[in-house]
2 protein chains.
Amino acid sequence: MRSYGQYCALAKALDVVGDRWILLIIRELLIRGRCRYVDLLNGLPGIATNLLAGRLKELEAAGVVRREAATAPVATPLYELTDRGRSLEPAIRAFAQWGSQLLGAWNGDEAFCNHWLAMPARLHLSDTAPDERPVTLEVRAGAEPLSIEATGGTVQVRPGPAKAPDAVLSGPPHILAALLVGRLALAKAVAGGATYTGDPAVLRRLQPEAVPAAAA
Amino acid sequence: MRSYGQYCALAKALDVVGDRWILLIIRELLIRGRCRYVDLLNGLPGIATNLLAGRLKELEAAGVVRREAATAPVATPLYELTDRGRSLEPAIRAFAQWGSQLLGAWNGDEAFCNHWLAMPARLHLSDTAPDERPVTLEVRAGAEPLSIEATGGTVQVRPGPAKAPDAVLSGPPHILAALLVGRLALAKAVAGGATYTGDPAVLRRLQPEAVPAAAA
DNA sequence: CGGCATCCTCTTTGATACTG
DNA sequence: CAGTATCAAAGAGGATGCCG
């Protein structure tokens, strides 16, 4: 990107991460942690492959992303955020929160990846029963599932299936998002096309206080 | 901007404010409040006038900016943020904070406007003596001065001169920024080229606890 | 295959000139 | 002052090719 050439913290930030696709690339790396080029490509529907390659180089040069070359046991290079990159998380969260009000019902021709639900999930879920045994919820909306684990007071969200999920949730994206975030009660989510199998307590345990409020 | 076409809150936010120059336009409106087209143009060195005009239209269409047409007493149309626009402030602050670590010494060929100091000032200053009478500090680094007022526990920062400043601060941008933010003690700032006239207590009153720490 | 680099077209930007 | 008009240059998007 062309620099704004302004002595201003915001302008400096935008010199580095203001380019098209950059924040979405960082979103992917925040959600997935270290991953391959092709994982990024899949999580960024619409990006041209040359553009992704170029952006990754810029981000590496800027010290936001680190590229680990493929060595012995690993077949392909891996990308991950540096500390500086991870420190963008609060800003990205703030933006996502602002954008969430622009998120209406899902019109089927928008791209959707299940793991994107990790962002609202990390923001709004917590383990409300730290002393009970760990439980896992698997969420399926797109191709690859997402697993959410409540264990010892913390919530772990990561892409990929859960080994032995205590509950499984699936349905249309906007219903799942609203349900996880606590804007929609389970009954209404089911009425809206969601399916929940397994122990209902798993979902309740993850939700701070939103469920009782929204259940009305 | 071309939409990312992704059902994701962050992508939706970027569909609206991800375009080049947009966040800087919003920065200007956050600092200045309601203002004229030329004010924006002056506060955004490097922007092309057609681009500013186009962005303002997009932002108006998106409900982020409101344009008030010139009526009776006012000679020219004015622009200001809507509530939705103002609600971007936390996200912009978060980004600016991230960018501040990229802000080194001021190399003279970067553009600088004095009123940009309002962002770090609002973030880091507070009125530490709410019960004393209001005091005003005037900051001069660029063309137009900035006035910072501590009154009754709150700090007001706005572009423009102060009526009767209790103190006046001037000097090179990076020195003033570091001083205001508390990263630099007054003595060191003066050694670095800053000038401070008036009551030293004014500056101390504005700074939470940073000065004692950084004074060492 | 996964991980890019090239080539080409189309859109956006930047610079400047011009008008009500 | 507040923009619009014009045009060249840069960047994005898409397809495809190359290489381990």
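Sequence lines set the chain letters: A, B, ... in the order given, protein chains first and strands last, and positions in each chain run from 1.
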If you only use heavy atoms from C-beta on, which nucleotide in [options] is closest to the side chain of [X]?
| X | options | result |
| --- | --- | --- |
| A:Ala53 | C:dG3, C:dA5, D:dG3 | C:dA5 |
| A:Leu51 | C:dG3, C:dA15, D:dA12 | D:dA12 |
| A:Thr49 | D:dA12, D:dA15, D:dG3 | D:dA15 |
| B:Arg36 | D:dC1, C:dC4, D:dG3 | D:dC1 |

According to a strict under-4.0 Å criterion, is [X] in side-chain N/O contact with OP1 or OP2 of [N]?
| X | N | result |
| --- | --- | --- |
| A:Arg67 | C:dC4 | yes |
| A:Arg55 | D:dA12 | yes |
| A:Lys57 | C:dA5 | yes |

Checking all strands, does B:Thr76 fall into the base, sugar-phosphate, or nothing category for heavy-atom contacts under 4.0 angstrom? sugar-phosphate
Check the distance between [N]'s [atom2] and [X]'s [atom1] and give it to me in whole angstrom.
| X | N | atom1 | atom2 | answer |
| --- | --- | --- | --- | --- |
| A:Tyr79 | C:dG2 | OH | P | 14 Å |
| B:Tyr4 | C:dT11 | OH | P | 18 Å |
| B:Leu14 | D:dA12 | CG | C1' | 16 Å |
| B:Arg20 | D:dA10 | CZ | P | 13 Å |
| B:Leu56 | D:dG3 | CG | C1' | 10 Å |
| A:Leu44 | D:dG13 | CG | P | 12 Å |
| A:Trp21 | C:dT11 | CH2 | C1' | 15 Å |
| A:Leu41 | C:dC1 | CG | C1' | 13 Å |

Relative to the 5' end of DNA chain D, which residue comes earlier, B:Val38 or B:Asn50, by the nucleotide with the nearest heavy atom?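 Nearest nucleotide further toward 5': that of B:Val38.
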Please determine if B:Arg20 forms a cation-pi arrangement with A:Tyr4, meaning its NZ or CZ atom is less than 6.0 Å from the six-membered ring centre and no more than 45° off the ring axis.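 That pair qualifies as a cation-pi contact.
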Does the distance from a Lys or Arg side-chain N to an Asp or Glu carboxylate O, for [X] and [Y], drop under 4.0 Å?
| X | Y | result |
| --- | --- | --- |
| A:Arg133 | A:Asp166 | yes |
| B:Glu89 | B:Arg122 | no |
| A:Glu58 | A:Arg55 | yes |

Could you report the tightest heavy-atom contact between A:Leu125 and A:Gln207, atom names first, then the distance?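 The answer is CD2-CG, 4.2 Å.
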